[in-house]
2 protein chains.
Amino acid sequence: MNHRGRGARALEQRVVDVIHARGLRPGMALPTEPQLVELLGASRNSVREAVRALQALGIVEIRHGYGTFVGDASLSGLSTSLAFRVRAGVGAIQDLVEVRELLETGLIGTVATDGLSTARLAELDELVAMMAVDSEADRAFHALLYADCGNELVLRLIELFWDTYHEVEHVLGEPAERTEATVGNHRRILDAVRAKDPAAARAAMQKHFAEVRTRIAQATET
Amino acid sequence: MNHRGRGARALEQRVVDVIHARGLRPGMALPTEPQLVELLGASRNSVREAVRALQALGIVEIRHGYGTFVGDASLSGLSTSLAFRVRAGVGAIQDLVEVRELLETGLIGTVATDGLSTARLAELDELVAMMAVDSEADRAFHALLYADCGNELVLRLIELFWDTYHEVEHVLGEPAERTEATVGNHRRILDAVRAKDPAAARAAMQKHFAEVRTRIAQATET
DNA sequence: ACCGATTTGTGCGTATGTATG
DNA sequence: GCATACATACGCACAAATCGG
């Protein structure tokens with residue numbers, strides 16, 4: 001047994017340790033490859049592979065011919081991993097929607113309790129109106145609904161799941177028509193938020209996702 | 001000279017394409033490095049860097065001296081990315097815990113409604129008993145609680161957020177003692193599930209996370 | 001328990017493309 | 001345009017790990 005742990009992953013961690021030890025912030029430059037080779041006592045290949053792995057996780061950002069910089073660890077790694085997962089798995093689409101439902105039904109309760117500004121409500125009204133003809137309005141609606149919840153992570157996650165869902169929806173399913181039912185569901189959600197009625201908001205959200213699920217079930221059966 | 005597309009990311013995608021094209025399922029072997037070199041027309045180092053990036057995302061699993069295999073995209077490798085994000089100040093620990101709370105309070109309702117087998121309940125009883133002395137029992141409890149929910153994705157996500165939380169907890173805070181209050185909260189959750197009382201289960205879960213949040217608030221103030 | 005084949009891990013050298021000054 | 005520094009890519013050789021005979 002190596003007291004250093006598995007060689008491959010150990011190097012990645014040591015690069016991260018260098019970042020933390022030097023107090024490097026996102027956007028700042030890492031030591032150059034020769035410097036990392038000298039610091040970590042490993043060959044160029046090993047260092048490069050470790051840095052490449054960290055790039056896949058969004059921890060560092062490599063710019064050709066310029067240098068390696070600290071990244072912001074965006075959720076792009078989760079995105080590609082999820083995309084692979086839904087293509088490999090069978091029931092993965094339902095799982096994806098169920099996660100969205102868990103997050104959004106929970107969040108809509110707090111949003112409805114706290115309430116939204118009249119300006120924000122007006123923006124959402126407009127998005128609902130456009131939803132019948134513009135599929136992008138749907139995404140914008142869900143994003144804007146939780147924009148003020150103060151949780152950046154859950155915002156990114158909802159956007160990420162939404163994007164992944166629509167990628168695979170287009171690949172493996174029919175183009176979902178923006179039916180009157182969909183628009184009506186979103187309007188009910190918005191009305192409940194405007195009335196500051198958390199229970200009604202949750203119920204409307206559940207009804208919305210229930211219809212999404214049935215639409216998926218129909219598409220996957222064919 | 002080289003093929004089109006950005007060298008690094010393009011190779012990763014092409015390796016993934018090979019997996020999809022051959023219908024490789026998780027656990028099955030990828031072509032060997034020399035074969036990938038032949039298939040993709042790239043050097044061995046480039047292929048290795050691409051595969052290492054995929055390993056960081058859990059898409060493939062590399063076993064020294066044996067081969068490279070399709071991974072299950074367990075998302076466990078992404079905990080370092082999320083942990084880095086939190087430590088870099090991009091996201092907050094509270095956000096992380098809030099996402100866990102949203103997922104688990106939503107899930108525990110369905111679990112309590114459907115009920116669990118007596119065998120599963122006995123296992124959970126045992127984990128609660130061990131929780132006072134074994135911190136790993138806490139993770140196992142939350143994992144086992146939703147093991148039968150039929151949603152593999154949400155399971156992995158809960159594991160991911162739990163691992164990330166405990167990584168940053170160890171780095172930036174004191175080792176959290178398994179207090180009697182923690183054990184009691186988990187017992188209350190379990191009792192509510194046994195009684196098939198969704199409302200009580202959700203309430204117990206919220207109480208659990210409320211105490212986690214206060215513990216975080218105390219740690220971040222110091 | 002050893003051997004040998006296979007596969008991944010590591011190290012080194014060199015050439016090329018790219019951004020900065 | 002030129003020079004410098006850097007990342008990128010390629011090729012080769014050897015070490016380490018695993019499996020099956």
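Letters A, B, ... mirror the listed sequences (proteins, then strands); counts begin at 1. Side chains are part of it too, since the values below use all heavy atoms of this structure and drop only hydrogens, waters and symmetry mates.
Between B:Glu12 and B:Glu49, the closest side-chain pair of non-hydrogen atoms is not below 4.5 Å. The shortest distance between side-chain heavy atoms of B:Ser76 and B:Arg156 does not fall below 4.5 Å.
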Shorter than 3.5 Å, N or O on both sides, protein versus nucleotides 18-20 of chain C: list them out with atom names.
none

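Remark: B:Thr68 is in phosphate contact with C:dT8, judged by side-chain N or O atoms under 4.0 Å from OP1 or OP2. Listed pair A:Arg48 / D:dC10 fails the phosphate criterion, with no side-chain N or O lying under 4.0 Å from OP1 or OP2. Residue A:Ser46 places no side-chain N or O under 4.0 Å from the OP1 or OP2 atom of C:dG9.
Ionic pairing of B:Arg120 and B:Asp148 is present here: one or more N-O contacts between side-chain nitrogen and carboxylate oxygen are shorter than 4.0 angstrom. A salt bridge links B:Asp125 with B:Arg194; the closest basic N to acidic carboxylate O contact falls under 4.0 Å. Using a 4.0 Å cut-off between charged side-chain N and carboxylate O, A:Glu101 and A:Arg213 make a salt bridge.
Relative to the side chain of B:Ser43, the nucleotides C:dT8, D:dG11, D:dA7 differ in distance, and D:dG11 lies closest. For A:Pro34, the side-chain atoms get nearest to D:dA7 when compared with the rest of D:dG11, D:dA7, C:dG11.
Side-chain contact annotation: B:His186 with B:Asp138, donor-acceptor N/O pair under 3.5 Å present.
Against DNA chain C, the stretch residues 17-32 of chain A makes no heavy-atom approach under 4.0 Å.
If you measure from atom CZ of B:Arg14 to atom P of D:dA9, you get 12 Å, rounded to the nearest angstrom. Atom-to-atom, CD of A:Glu49 to P of D:dA7 comes out at 16 Å; the value is rounded to the nearest Å. One interatomic measurement links the two molecules: CG of B:Leu36 to C1' of C:dT7, which rounds to 12 Å at whole-angstrom precision. What separates CD of A:Gln35 from C1' of D:dA7 is a distance of 14 Å, to the nearest Å.
Here the straight-line distance linking atom CZ of A:Phe161 with atom CD of A:Glu104 works out to 11.0 Å at 0.5 Å rounding.
The cationic atom of A:Arg63 (NZ for Lys, CZ for Arg) lies less than 6.0 Å from the six-membered ring centre of A:Phe69 and within 45° of the ring axis.
In this structure, A:Arg44 reaches neither bases nor backbone, as no heavy-atom distance under 4.0 Å exists between it and the strands shown. Using a 4.0 Å heavy-atom cutoff across all strands shown, B:Arg63 reaches sugar-phosphate atoms only and no base atom.
Applying the 3.5 Å distance criterion, the base of D:dG11 shares a donor-acceptor pair with the side chain of B:Asn45.
The two residues B:Val60 and B:Val51 come nearest to each other via the heavy atoms CG2-O, 3.6 Å.
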